[in-house]
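Below is one structure, written out as structure tokens; the observations come after it.
Lettering of chains follows the sequences in order, A, B, ..., and the numbering in each one begins at 1. Only this structure's heavy atoms are used, side chains among them; waters, hydrogens and symmetry mates stay out.
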Amino acid sequence: MSDIRVRFSPAPTGMMHIGNARTALFNWLYARHTGGTFILRIEDTDVVRSTTEAVEQIQVVLRWLGLDWDEGPVLQSTRFDRYLEAAARLREQGDAYECFCTEDEIKARNEAARAAGAVPGYDGRCRDLTAAERSAFVAEGRAASIRFRTPDDGRSEFVDVVRGEVSVAWSTVSDFVIVRSNGTPVFFLANAVDDLEMAISHVLRGEDLIDSTHRVLALRHALGANDQPAYAHLPLIMGPGGGKLSKRHGAVSVEEYRDAGYLPAAVVNYLALLGWAPADDREVLSLDELIAAFELERVHHAAATFDAQKLEWLNGEHIRRLPLSDLTAAVLPFARERYGARLDVRVFEAAVALAQERATTLAQIADQAEFLFTPDAELVVADDSWEKVTRIERAAEILDCALAHLETCEWTVEGIDLRSAVDALGVKARKALPVVYAAIEGRTAGLPLFDSIFLLGRDSVLDRLRRARERLAGV
RNA sequence: GCCCCCAUCGUCUAGUGGCCCAGGACGCCGCCCUUUCAAGGCGGUAACGGGGAUUCGAACUCCCCUGGGGGCACCA
């Protein structure tokens, strides 16, 4: 095992977002590619927003995606004493100080600054309070937060693995809170302490955190570290209309894709291609192939727009590559949910085999098998499909012809083949068969017709054809 | 407003000074196949944001502009 140690450290404050999953994936791929260690750390320092459900969901999603972790989950909420001890040390060193300004006061000041066209940010008024001033605030009933004192001048710089040199003037970074007035530590502090203690060697995270890196690094060094992890800031994932991918763009949680019938391998494959590409032209890659090909050096700089259509295409590709038994197992839950006790697993497996070469989602496969598990009397041809049927010339004759053939033919897919029968009628199969199709399956799109007829069985087929025939006659 | 990051087809990308009047994939369009619809096969459409500079030579280097994105919380 190499010395490479990476961590995925989400805040458990909501659902697992596509962007989070991508960050987790890149960390995991990097660890697996290099033989390093992948750590799951839950950054739940904000006790108000964090939920245990979210902590659970993060793990459920990670497992579903196939991203296993070697250490953790480490909950920061169980390690507050370490962070607070670090904060105390920083205060003793003079790197941090008590601030008695309230959240509301600061918010008001920032708004005023903004309105006046000035730069918002903490103005440093509690930086050099005397003991007397401090006790006066305490006497007033004010609780203190602890702020880190950022340098007044100079620049903060670090070399980003994907972006190269990144720097900012310290004069533009104001003192920031590391311990809230309620006594709980803040992200920056916990992050710096844990990365140090856990000997994290590489930090891969979204580009939205690039500015916070300077602060975490300053804390880390104030805490006595003389080294620092390599940072790699990943390009953000944007929504189709622009801006960070969010709910307004449609499905953004991994679970939504899972529930819509996407394969984890396809989601992972697609996410890997967002901001990264292998050295060759391959696009459809398995998890193992991704691990082998993944290189941090090939990560893109610019933000990428999420394209649901390409994901869907990729999902179809992965569906086609799955062994039939695996695919059936994957679709079964979708079918059970839809057809319950009516589901005949043997028949269903045959339907999955037919659907495998044409479907793009698991849900679609389950849907296409619907006609097999619907009682004949309950099968209704949807209005739009029926309308198409009524517009086909000689539809009644076609149904009669199909009935005549299917009443007596050998019950094999070859025997069922209606083409010559319809041909004898003088109607092209392409034109005629949609009538039969709608009568049997209730819609005009789905599984191949003759196989569908074979699977349904003669009695049901004849029954459905007769019903359609009667409806056509207006009975 | 201030700070930071970024910039190749509609989208994801290949490309690190000549192999590029730019390659692949999704989408879209057309054709073929065909047992509906798909899937598949074949073909087509389509990009180096603009301006300078360096160079014998720039998609690739530098500068400016423009454009896009992110940050400026007692969220992470």
Task: Identity of whatever pairs with B:A39 - Watson-Crick or G-U, under 3.5 angstrom - done: none
Open item on the list: Out of the candidates A:F8, A:W276, A:F294, only one should pair with A:F26 under the ring pair (Phe, Tyr, Trp, His ring centres under 6.0 Å) rule; please name it.
Closed with: A:F294
Task: For RNA chain B, the residues among residues 146-160 of chain A that have a non-hydrogen atom under 4.0 Å from it - done: A:R147, A:R155
- [ ] Check whether the side chain of A:D211 and the base of B:G70 form a donor-acceptor pair under 3.5 Å.
- [x] yes
Open item on the list: Using a 4.0 Å heavy-atom cut-off, does A:S174 contact any base of the nucleic acid, only the sugar-phosphate backbone, or nothing at all?
Closed with: nothing
Open item on the list: With a 3.5 Å distance limit and no angle check, can you tell me whether A:N110 reaches the backbone of A:G121 through a side-chain donor-acceptor pair?
Closed with: yes
- [ ] Look at all strands and tell whether A:L447 reaches a base, only sugar-phosphate, or nothing, counting heavy atoms closer than 4.0 Å.
- [x] base
- [ ] Tell me the partner of B:C21, counting only Watson-Crick (N1-N3 plus N6-O4 or O6-N4) or G-U wobble (N1-O2 and O6-N3) with both under 3.5 Å; none if nothing fits.
- [x] none
TODO: Check whether any side-chain nitrogen or oxygen of A:T45 sits under 4.0 Å from OP1 or OP2 of B:C75, and answer yes or no.
DONE: no
Open item on the list: Heavy atoms only, 4.0 Å cut-off, all strands: where does A:A11 land among base, sugar-phosphate and nothing?
Closed with: sugar-phosphate
TODO: Under 4.0 Å between any heavy atoms, over every strand shown, what does A:R163 touch: base, sugar-phosphate, or nothing? Just pick one.
DONE: sugar-phosphate
Task: Side-chain donor/acceptor contact of A:S181 with base of B:C74 under 3.5 Å - done: yes
Open item on the list: In whole Å, I'd like the distance from the CD atom of A:E111 to the P atom of B:A73.
Closed with: 11 Å
Open item on the list: Could you walk me through whether A:R205 and A:T213 satisfy the side-chain hydrogen bond (donor to acceptor under 3.5 Å, both in side chains) test, starting with their C-alpha distance in whole Å, then the side-chain angles of each, then the deciding distance to 0.1 Å, before giving a yes or no?
Closed with: CA-CA 10 Å; A:R205 27 137 65 157; A:T213 303; 2.7 Å; yes
Task: Residue of the set A:T45, A:D46, A:D44, A:T184 for which side-chain hydrogen bond (donor to acceptor under 3.5 Å, both in side chains) holds with A:S77 - done: A:D44
- [ ] Please list, chain by chain and in numerical order, all residues satisfying ring pair (Phe, Tyr, Trp, His ring centres under 6.0 Å) with A:F371, sequence neighbours excluded.
- [x] none
Open item on the list: Categorize A:F188 for me: base, sugar-phosphate, or nothing, with a 4.0 angstrom heavy-atom threshold over every strand shown.
Closed with: base
Open item on the list: On RNA chain B, compare the nucleotides closest to A:N110 and A:S9; which residue's is nearer the 5' end?
Closed with: A:N110
Please tabulate the protein-to-nucleotide N/O contacts below 3.5 Å involving nucleotides 9-13 of chain B, giving atom names and distances.
{"residue": "B:C12", "atom": "OP1", "partner": "A:T305", "partner atom": "N", "Å": "2.9"}
{"residue": "B:C12", "atom": "OP1", "partner": "A:T305", "partner atom": "OG1", "Å": "3.3"}
{"residue": "B:C12", "atom": "O2'", "partner": "A:L273", "partner atom": "O", "Å": "2.8"}
{"residue": "B:U13", "atom": "OP1", "partner": "A:G275", "partner atom": "N", "Å": "2.4"}

TODO: Could you check which nucleotide pairs with B:G10 in any of the strands shown, counting Watson-Crick or G-U wobble with both distances under 3.5 Å?
DONE: B:C26
Task: Residues from residues 96-104 of chain A lying under 4.0 Å of RNA chain B - heavy atoms - done: A:C101, A:T102, A:E103
- [ ] Can you establish whether the number of heavy atoms outside A:E165 located under 6.0 Å from its atom CD is more than 12?
- [x] no
- [ ] Have a look at A:L311 and say if it touches a base, only the backbone sugar-phosphate, or nothing, with a 4.0 Å heavy-atom cut-off.
- [x] nothing
Open item on the list: Please determine whether a side-chain nitrogen or oxygen atom of A:N182 lies at a distance below 4.0 Å from atom OP1 or OP2 of B:C74.
Closed with: no
Open item on the list: By the salt bridge (Lys or Arg N to Asp or Glu O under 4.0 Å) test, which pairs, at least two apart or in different chains, include something from residues 234-250 of chain A?
Closed with: A:D208-A:K244
- [ ] Produce a footprint string for nucleotides 39-44 of chain B: one letter per nucleotide, 5' end first; B if the base is under 4.0 Å from any protein heavy atom, S if only the sugar-phosphate is, - if neither.
- [x] SS----
Open item on the list: Any side-chain N or O of A:K244 below 4.0 angstrom from OP1/OP2 of B:G71?
Closed with: yes
Task: Complementary nucleotide for B:U16 - Watson-Crick or wobble, under 3.5 Å - done: none
